[in-house]
Amino acid sequence: MAGKRHVILGSGTAGLNAIRTLRQLGDDGPIVLVSAEAPYSRMVLPYYLARRITEPHVTTATGRQLDEWGVERQIGRRAEGLDTQAAKLRLDNGEDVAYDDLLIATGSSALRPPIPGAEHARCFNFWTLDDAKGVSKTISPDAHVVMVGAGFISFTILNGILERAGRLTIVEVAPRILPRMIDDAGAALVTDWLIERGVTIRAGAEITRIAEQGQGLRLTFAEGDSIDADLVLMATGIRPNLGWLDGSGIETNQGILVDEYLRSNVDNVYAAGDVAEGRNRVTGAREVHAIEPTAMEHGRIAAANMAGKKIAYPGSLLMNIVSAAGLDMASFGSWDDDGAEVIAAQAPARRAYRKYLFRGGRMVGAILIESAGETWSGNDVGMLKGLVQSGVDLSAWKSHLAERPFEIKKPYLATGTTARLLPETIIGQPSPAM
Amino acid sequence: MKVLSISPERCTGCMRCELACAYMQSGAYQPAKSVIRVAPLEMHTSYAPFTCFQCDEGWCMTACPVDAIAISAVGAKIVSDDQCVGCKLCTIACPYGTIFYDEDTHKATKCDLCGGDPACVEACPTQAIEWVEGDAADWLGEFAARRAGTDLTGLAAVE
Amino acid sequence: MSEQAPPGYAGKILRVNLTTGQSWTEELSHEEWRTYLGGVGLGAKILYDEVPPEVEWDHPDNRLIMATGPLAGLPVWGTGGLTVVTRGPMTGGATSTQANGFFGACLKYSGYDTIVLQGQSEKWVYVYIHDNVVEMRDAAHLLGKDTWETQEALQDELGYNGHRLSVYTSGVAGENLVRFAAIHGDFGHVASKNGCGAVMGVKRVKAVAIVRGSKALHPHDPKGLLQAADVIAHELKTNPSSSVLYNYGTLFGVVNLNKLGALPIRNYTTNLPPKEADMSVWEAQSLREGFDHRGHQCNACGMHHCHQHVIAEGKHKGEIVDEPEYEGWSGAGWTIGSFDPQDTSWMNTQVDRACVDVNEFGWVMGWTMECYEKGYITQEQLGGIDLKWGDVEAANALLQKIVHREGIGDLLAEGVMRASQKLGGEAADCAVYSHKGNSPRGHDHRARWEELLDTCVASAGTLETGPPAEPQELGRPARINPFDAPEVARNVGQLLGRRHFEDSLGACIFTTRTTIQNICLALNAATGWDYTVDEAMRLGRRTAALLRAFNIRCGIGPEVEKPSKRYGSVPTDGPAEGQNAMEHWEEMLDIYYELAGLDRATGKPTAEHLNNLGLENVAKEMWG
């Protein structure tokens with residue numbers, strides 16, 4: 001007996017991981033992939049911009065691979081509506097696609113700030129492969145690039161810009177850079193680092209107008225002054241692609257509300273990735289975690305459940321790492337929890353920063369900043385993830401960490417973190433090769 | 001499947017495994033390239049080596065956005081340099097802290113079990129690292145809990 | 001790595017001028033590296049060339065050379081080697097003193113083979129080295145910290161623990177220019193001779209901190225190097241003369257030396273252990289297993305030698321200390337009348353933490369205890385300390401006075417030769433020292449004439465030939481009668497140089513206790529050279545000649561080549577009772593001088609000897 005007919009909507013990380021997982025788990029039901037774009041990895045676009053890799057390397061599943069998986073494709077199509085009663089998806093060409101179960105993995109879109117002139121051809125988002133191609137084509141070695149928005153996305157392409165443009169200015173409306181990834185002290189350290197490397201940073205600054213100026217653009221600030229740019233990159237936020245679900249009866253908040261099986265309020269409709277609002281592993285609250293690892297885990301868990309495995313998800317762990325101009329910065333979990341007990345320290349000689357946040361004995365969040373060339377901190381990044389993920393009791397070790405904040409390995413090992421982690425797998429069995 | 005089994009009581013902190021590992025990784029004696037790392041677990045003493053468990057989940061492998069990590073014939077999660085773009089996602093996905101980023105090559109780097117003949121095992125003069133049939137386990141937890149107690153209680157306060 | 005570096009080398013000498021705050025690197029040609037190797041071989045050359053006689057030990061222009069060598073950082077056992085070469089305050093002459101641990105390995109991974117500290121900083125600094133970053137950083141916050149505290153503070157401050165950071169410091173003793181201050185690092189390794197720590201203090205360098213750097217070492221034949229390491233390791237494990245060291249380091253020393261009458265008990269006043277001393281607890285195995293112990297080996301070393309252990313009972317129960325070497329059991333124990341391993345082990349680490357040479361500590365403390373017992377020094381003079389034999393708490397109290405130069409500590413901080421000469425009278429006759437200023441090692445050399453002679457004639461600030469390893473390779477018998485004066489002198493004279501070769505490699509002399517031929521296998525695999533026993537000995541003899549010429553130029557001649565009254569006395573009990581070395585002294589000197597290529601009248605290396613070694617410039621300077 002053939003398995004259920006699975007429709008996967010979206011070919012990003014969540015969607016593709018779902019397809020792969022269905023097949024890895026032996027589900028031989030028909031799979032239909034509906035996607036506006038061909039499968040590629042958003043995560044690696046910065047390396048495309050930096051010309052470390054070329055376009056084919058960005059692709060995550062070739063036609064051959066999809067054929068091997070037996071995936072029927074509707075590439076270049078968007079969903080326009082969902083009829084959960086009839087179990088049918090309405091596409092933008094008017095066609096209906098029937099499903100036994102559906103995974104919504106439509107991801108999110110970059111927002112354009114409502115600044116007059118922001119639609120100019122020399123203003124780019126850096127979100128899709130097409131965006132990346134546009135930027136890559138336009139950028140030149142003597143260009144002055146202005147990045148509007150100093151968040152994670154901007155920072156992922158900072159190296160590429162520095163390699164391919166003449167000058168970089170970062171403008172952020174918040175009082176400091178990386179407001180949603182690291183704290184004030186960390187941001188100060190990163191700011192100094194970048195300024196030393198020739199980057200101009202203007203935080204707490206609002207752009208009110210963008211206008212053509214000669215070959216380039218002129219950006220005017222609320223304060224009245226202005227700067228000229230050859231190219232403007234907009235990275236001021238993203239929004240889950242939910243609008244098409246209006247009236248479908250799928251419950252949404254910031255994203256599609258899903259339970260521990262990544263199921264929406266409709267039994268045979270699942271959601272995963274940027275579009276899903278699922279459990280936060282640390283706090284238990286439901287949140288959208290628009291990050292790559294969450295998309296991967298969501299996709300795999302949803303698929304396992306679509307394959308009938310009944311796998312519960314402990315929740316996603318917020319985590320980010322970005323390396324800019326030779327400085328690594330990473331944050332985990334509730335790194336911005338105002339109610340948490342905090343241990344923070346710097347090693348100025350090393351330009352290193354650590355921040356640990358505790359609720360009781362549990363580390364609920366952490367920030368690490370370190371020179372990328374700092375070999376010996378290598379274990380720390382992952383170990384911090386392990387501490388937050390495992391939730392081991394560090395009560396006895398807090399004073400040690402306060403005294404020796406760079407000595408993470410001892411508490412990590414002495415609290416049996418490894419033993420706690422080793423049995424854990426995402427879909428309840430060892431992962432097969434990818 | 002064979003695994004690297006660690007007996008921390010035997011480790012003297014000579015770092016010979018780091019040298020051997022570095023040589024396998026980079027062709028030079030350059031401990032910065034080692035993916036086995038030896039650290040003290042009791043003040044400045046009670047050293048033990050720590051490296052990848054080749055865990056069941058393979059957090060690095062499942063996190064990789066370009067499928068650059070595969071499973072080798074001997075069960076090691078191995079990085080394909082051609083595929084890896086150096087995005088570091090694996091380094092935050094691995095909860096053991098045992099996959100690294102090499103600033104020189106711009107690639108992730110981790111224990112590959114030397115293709116089935118681990119150099120650290122050969123290098124260890126006290127058999128603190130062995131290559132045996134079995135399952136990965138928390139080799140260091142109990143040892144660390146016992147020895148690292150000194151760090152918590154301070155000197156002369158062990159009673 | 002330097003373009004010109006021979007394989008296995010980092011290829012750079014790091015110069016740090018503390019007066020100007022500048023640092024720079026120098027490179028040598030392949031031929032120069034081959035000629036001087038590293039360690040004392042290179043250090044002696046720099047010292048001779050750059051420190052003229054008017055630059056006394058405490059002159060800013062004195063050099064503190066912290067050298068490693070071609071094998072450091074490579075997977076040959078015991079290759080973290082540090083050799084300190086300087087003009088030191090105990091003898092006023094040359095110094096070659098070693099520590100192991102990880103200094104040499106960290107230094108080479110950061111890209112340097114040798115550091116030369118010169119000049120004098122205005123403020124206290126520590127020298128921070130991490131790859132290309134070399135900085136003189138403010139050390140005000142480290143002042144007053146002992147060696148362990150200094151290491152801990154720097155580890156915490158820099159965020160590196162364990163062997164990620166190798167810190168060598170002269171502790172509080174160095175700050176206060178204690179004449180027998182040492183340089184200690186890696187929690188248990190000490191370059192301790194000739195007051196090298198005081199030279200560091202003069203330069204106002206509290207510590208040298210080296211991060212385990214990120215650079216690569218490329219030996220010529222990596223596979224061959226591993227094979228050579230394997231050959232040497234197998235030798236060390238299986239050769240009866242080294243296998244005891246392999247298993248227990250120097251722990252067997254106490255019991256074995258006691259059987260020969262060479263264990264110094266209560267400042268050479270006896271060679272019979274007191275009845276209350278239970279010799280069974282002093283067996284090597286008991287000393288190891290009697291403590292909860294942890295292996296604590298040096299770079300790439302497979303020996304079961306260096307350990308840390310936990311004090312098992314008494315006031316300091318639970319403290320982690322460094323398992324003493326034989327020298328520690330002796331200097332911090334038997335010499336000062338402590339016959340309890342727990343007490344002695346604790347005392348030994350206090351000596352390391354305070355940062356003085358444990359041998360000289362023994363001679364100073366033993367002498368003071370004897371003087372106190374005999375009434376030559378009063379409790380009042382000791383600032384109220386009741387300094388009874390074997391009381392390690394009292395000894396530690398006095399040690400703290402010494403390293404802070406408080407009260408009588410100021411006198412004792414000059415070492416026992418100067419302190420006893422100053423005090424004079426009967427007390428002066430009780431002191432154990434050589435007139436040259438070389439502190440005797442922790443044996444009773446009245447039953448070990450080779451070391452008695454070696455200590456008195458050596459130009460390295462300590463003994464120079466050392467106990468023979470594989471003497472047959474150099475034409476000497478495997479064993480000699482220890483009281484056969486001519487044979488003793490022949491050993492010291494003819495084997496001179498081997499030790500300098502070993503101390504030029506960046507390796508440990510316990511892991512080079514094999515044939516020179518075997519060592520050359522490793523050296524040649526590392527460098528691609530074809531070193532032979534002859535070339536190795538030529539390097540060693542040249543180094544010895546340079547050190548000797550340096551000392552002669554500093555005015556240190558044959559007149560001081562004799563033991564103090566007590567040091568050269570005749571044992572009155574024990575296995576060596578009645579053996580009188582001084583009866584044979586001149587005869588031994590005659591033979592030694594002849595074999596070492598020295599002029600009997602002046603002590604200078606002969607012109608012929610110097611010319612044969614390619615030291616024509618030195619011959620010219622010595623002889624015109």
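Per chain, numbering begins at 1; letters A, B, ... match sequence-line order.
Of all heavy-atom pairs between B:T91 and A:V381, the closest is O-CG1, 3.7 Å. Contact detail for B:A145 and A:A414: the closest heavy-atom pair is CB-O, 3.5 Å. Taking all atoms of both residues into account, the shortest heavy-atom contact from A:Y412 to B:Y96 is OH-CA, 3.2 Å. The heavy-atom pair separating B:D82 from A:H57 by the smallest distance is O-CE1, 3.1 Å. In terms of heavy-atom proximity, B:L41 sits nearest to A:K410 at C-CE, 3.6 Å. Nearest approach of B:I92 to A:K385, heavy atoms of both residues: O-CG, 3.0 Å.
One N or O on the side chain of A:S431 and one on the backbone of B:E57 form a donor-acceptor pair closer than 3.5 Å.
Proximity to chain B is absent for every atom of A:Y40, based on heavy atoms less than 4.5 angstrom apart. Contact annotation for A:N320: only backbone heavy atoms (N, CA, C, O) come within less than 4.5 Å of a heavy atom of chain B. Residue contact with chain B, scored on non-hydrogen atoms closer than 4.5 Å, is absent for A:R420.
Contact tally against chain B (heavy-atom pairs below 4.5 Å) for A:T415, A:T59, A:T418, A:V44: the top residue is A:T418.
Between A:N379 and B:F100 there is a side-chain heavy-atom pair separated by less than 4.5 Å.
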